[in-house]
Amino acid sequence: MSTLNGKQVGRIVILTGAGVSAESGLATFRDSGGLWENHDPMDIATPEAFARDPGLVYRFYNARRNQLAEVSPNPAHEALARLQREFPGEVFLVTQNVDDLHERGGSVQVCHMHGELRSHLCNACEERMPATGDIDGESRCPRCATAGRMRPDIVWFGEIPYHMDRIAMTLARCDLFIAVGTSGVVYPAAGFVREARMAGAYAVELNREISEVTGLFDEQRQGDASVTMTALVEELLAD
Ligand code: APR
């Protein structure tokens, strides 16, 4: 148990978004210079876009996966991992990020609700498998051997995120909800703060700026995630 602003805290849910990886050098989606500034998400991140122009979609995600080798976790990832290791209660980490920086930052549990760049999905056998390299329209599934049905293991707009039952269960019993580096425009993740507060949780938002959902939180701490997350973890572990 710990306390935050007088509230007893034993079960924490943390939702992370692209802002957590920004200081590692990965572009966010909606900030200036973000991924959706040069691409319409509807041309890349939908099943229809993949059917229309698979080459563009393969190239986009192959490039993003290859970029992972050039970046490293930052102090925000490391602070979160430390909280998971040292907090005497429960810490459940759910991320919208498809990079692997939480794992490389030392996180022992990461729930990737929007899929993972380091995984591929076969549309023929529906198996998810570790990505060993680039894929294209001719790639063969290592599991079922079907050619031409491999896709990035990314949850696109119009698809149902992974692990929703487990996430709903943990939100329904948490007493602290923290959202870090997410703009609060993409649902269902943007609605998690409501679910947590309905369960009686205290809600803290960490963001560089005011987000679409700031008003739904009990408190917002503004600044870079590397600073605000590290400070919040210190506070939670100080008790
Ligand atoms: N520290 C804290 N917050 C930051 C930082 C930083 N260093 N840098 C950026 N941010 C904040 C921005 O202010 C913004 O609110 O991170 C947020 C990033 O928002 P988005 O780019 O919209 O990313 P995210 O919320 O993760 O997007 C959600 O949209 O396109 C889909 O599937 C994709 O998972 C993604 C989802």
Side-chain angles (χ1 to χ4, degrees), residues 14-50 56-57 60-61 63-65 67-68 71-80 93-102 105 110-119 121 151-164 167 177-193 203-217 219-233:
I14 300 163
L15 169 69
T16 65
V20 159
S21 297
E23 290 167 76
S24 293
L26 293 179
T28 63
F29 293 93
R30 295 171 184 82
D31 291 313
S32 119
L35 291 167
W36 296 154
E37 193 168 85
N38 298 322
H39 296 280
D40 181 343
M42 295 302 130
D43 290 337
I44 305 270
T46 67
E48 294 76 18
F50 184 54
L56 175 69
V57 176
F60 179 81
Y61 288 105
R64 289 187 60 206
R65 185 178 336 94
Q67 197 190 1
L68 295 181
V71 298
S72 306
N74 69 57
H77 299 105
E78 284 156 11
L80 274 167
L93 173 58
V94 50
T95 186
Q96 298 165 90
N97 298 345
V98 293
D99 64 53
D100 59 356
L101 293 179
H102 280 307
V110 190
C111 175
H112 281 275
M113 64 179 292
H114 288 170
E116 292 180 68
L117 285 168
R118 59 179 197 177
S119 171
L121 173 65
R151 60 166 274 185
D153 188 11
I154 303 292
V155 177
W156 287 324
F157 289 101
E159 297 183 318
I160 298 169
Y162 291 125
H163 313 301
M164 286 308 292
I167 295 168
F177 175 75
I178 304 168
V180 199
T182 176
S183 56
V185 300
V186 174
Y187 283 80
F192 290 173
V193 58
V204 182
E205 182 184 57
L206 306 181
N207 200 303
R208 232 173 29 183
E209 52 195 41
I210 299 291
S211 81
E212 286 294 311
V213 289
T214 299
L216 299 176
F217 286 80
E219 127 178 40
Q220 197 219 31
R221 300 183 181 188
Q222 240 173 69
D224 282 333
S226 60
V227 176
T228 55
M229 194 67 234
T230 305
L232 181 55
V233 167

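Just so it is clear, the model here is predicted, and its values are computed rather than measured. In listed order, ligands and their atoms are each counted from 1.
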Taking the side chain from S119 and the backbone from E116, do they hold a donor-acceptor pair closer than 3.5 Å? no

Partner set under ring pair (Phe, Tyr, Trp, His ring centres under 6.0 Å) for H163, not counting sequence neighbours: none

Hey, which residues fall under 4.0 Å of ligand 1 on heavy atoms? G17, A18, G19, A22, E23, T28, F29, R30, D31, W36, Q96, H114, F157, G181, T182, S183, V186, N207, R208, E209, G223, D224, A225

Can you list the residues that meet the side-chain hydrogen bond (donor to acceptor under 3.5 Å, both in side chains) rule with E37, with sequence neighbours excluded? none

Assess the pair H112 and Y162: is the distance between their ring centroids shorter than 6.0 Å? no

With sequence neighbours excluded, tell me which residues meet side chain to side chain contact (heavy atoms under 4.5 Å, CB included) with P73. H77, E78, L101, R104

Side-chain donor or acceptor of N207 paired with backbone N/O of G223 under 3.5 Å: no

